[in-house]
Amino acid sequence: MSTLKEILTRRPVAATIRLTVPAGGARPAPPVGPALGQYRLNLMAFCKDFNARTQKYKPDTPMSVTITAFKDNTFEFTVKSPSVTWYLKKAAGIESGSSRPGHVVATTLSVRHIYEIAKIKQSDPYCQYMPLESICKSIIGTANTMGIKVVKDLD
C-alpha cells in the first residue's frame, strides 16, 4: 500500500512514449523530435542524457527506451538493452532469420552464445530477478522461432 506522502508527491502522467533509438545517436530530429515535441519536453536534455547513458554500447546499436512524460513538462526514461533477436542475429552473423522456421535452418549457435546473451539481458530492469536458466530458455525459444538451431558445441 502506498503511503500518504507518496500519493501526494506523485506527478500526473501525460504519456508513456516507447522508442527505439540508436545508441549514442539521439538527435532532436525524427523519430525523437516529433515524439517528444508534442508533449513539450526538452529535446536537448533527453538527447544529452540518453547519449551519456548509452555511450558504453557500440554506435548504431538499437536501444529500446521508455519515456514517461509528466504534465509539468518533465520526463523520466529507462533504457533497455537491445532485443534478443538483434543479439542472436549479431552472434550468428546473419541479416535476418529463416523464412520458414522449423523447416529451414538459417544457422546454428552454441549454448555458450546463448549464455553470453543471457548474462547481458540479466542487467535489464525486467530480467534482473529472473534466474539465468530461465532467461537462457527464453532466448533458445526465440532462436527456434527465428530458424536458428542451438547446439551444445559448434563443430
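Nothing here was measured: the structure is a model prediction, and the numbers come from that model.
- Two residues are said to be in side-chain contact when any heavy atoms from C-beta on lie closer than 4.5 Å; Q122 and L132 meet this criterion.
- With salt bridges taken as basic N to acidic carboxylate O contacts below 4.0 Å, one links E133 and K137.
- Contact check for M44 versus N42: side-chain heavy atoms found under the 4.5 Å cut-off.
- With I117 as reference, I139 is the one residue of T142, I139, I135 to meet the side-chain contact (heavy atoms from CB on, under 4.5 Å) rule.
- Without hydrogens or angle criteria, T54 side chain to F50 main chain gives a donor-acceptor distance under 3.5 Å.
- Here the side chains of K121 and Y87 are in contact, with some heavy-atom distance below 4.5 Å.
- Using a 4.5 Å heavy-atom cutoff, the side chains of R18 and K80 are in contact.
- Test T20, I17, L19 against V65 for side-chain contact (heavy atoms from CB on, under 4.5 Å) and you get one pass: L19.
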- Query: Can you check ring-ring contact (aromatic ring centres under 6.0 Å, His included) on F46 and F77, steps first, answer last?
  - Reply: CA-CA 9 Å; F46 169 77; F77 67 96; 5.1 Å; yes
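- At most 12 heavy atoms of other shown residues, nucleotides or ligands fall within 6.0 angstrom of atom CG in D60.
- Using a 4.5 Å cut-off on side-chain heavy atoms (C-beta onward), P62 and P22 make no contact.
- Between the CD atom of E76 and the OG1 atom of T66 there is a distance of 12.0 Å, given to the nearest 0.5 Å.
- Here the closest non-hydrogen pair linking P34 and P31 is CD-O, 3.9 Å.
- Hydrophobic cluster membership is shared by V111 and M130, with clusters built from Ile, Leu, Val, Met, Phe, Trp and Tyr side chains linked at under 4.5 angstrom.
- The CZ atom of F75 lies 8.5 Å from the CG atom of L43; values are rounded to the nearest 0.5 Å.
- What you find for P101 and G147 is that their closest heavy atoms are CB-N, 3.8 Å.
- Using a 4.5 Å heavy-atom threshold, the side chains of L88 and H113 count as separate.
- When all heavy atoms of A69 and Y39 are compared, the closest pair comes out as CB-CB, 4.3 Å.
- Between the N73 side chain and the L41 main chain, no donor and acceptor come within less than 3.5 Å of each other.
- M63 places a side-chain heavy atom less than 4.5 Å from the side chain of T61.
- Following chains of ILVMFWY side-chain contacts shorter than 4.5 Å, one can reach I120 starting from L109, so the two form part of one hydrophobic cluster.
- When each of V150, V84, I148 is tested with I114 by the rule side-chain contact (heavy atoms from CB on, under 4.5 Å), just one qualifies, namely V150.
- For the pair V32 and R27, the tightest heavy-atom approach, listed with the atom from each and the gap, is CB-O, 3.5 Å.
- The two residues K89 and E95 have their closest heavy-atom pair at CD-O, 3.3 Å.
- Taken together through direct or relayed side-chain contacts under 4.5 Å among Ile, Leu, Val, Met, Phe, Trp and Tyr, Y115 and W86 form parts of separate hydrophobic clusters.
- Looking at every heavy atom in both residues, A92 comes nearest to T107 through CB-CG2, 3.4 Å.
- More than 12 heavy atoms of other residues, nucleotides or ligands lie within 6.0 Å of CD in Q128, so this atom counts as buried by the packing criterion.
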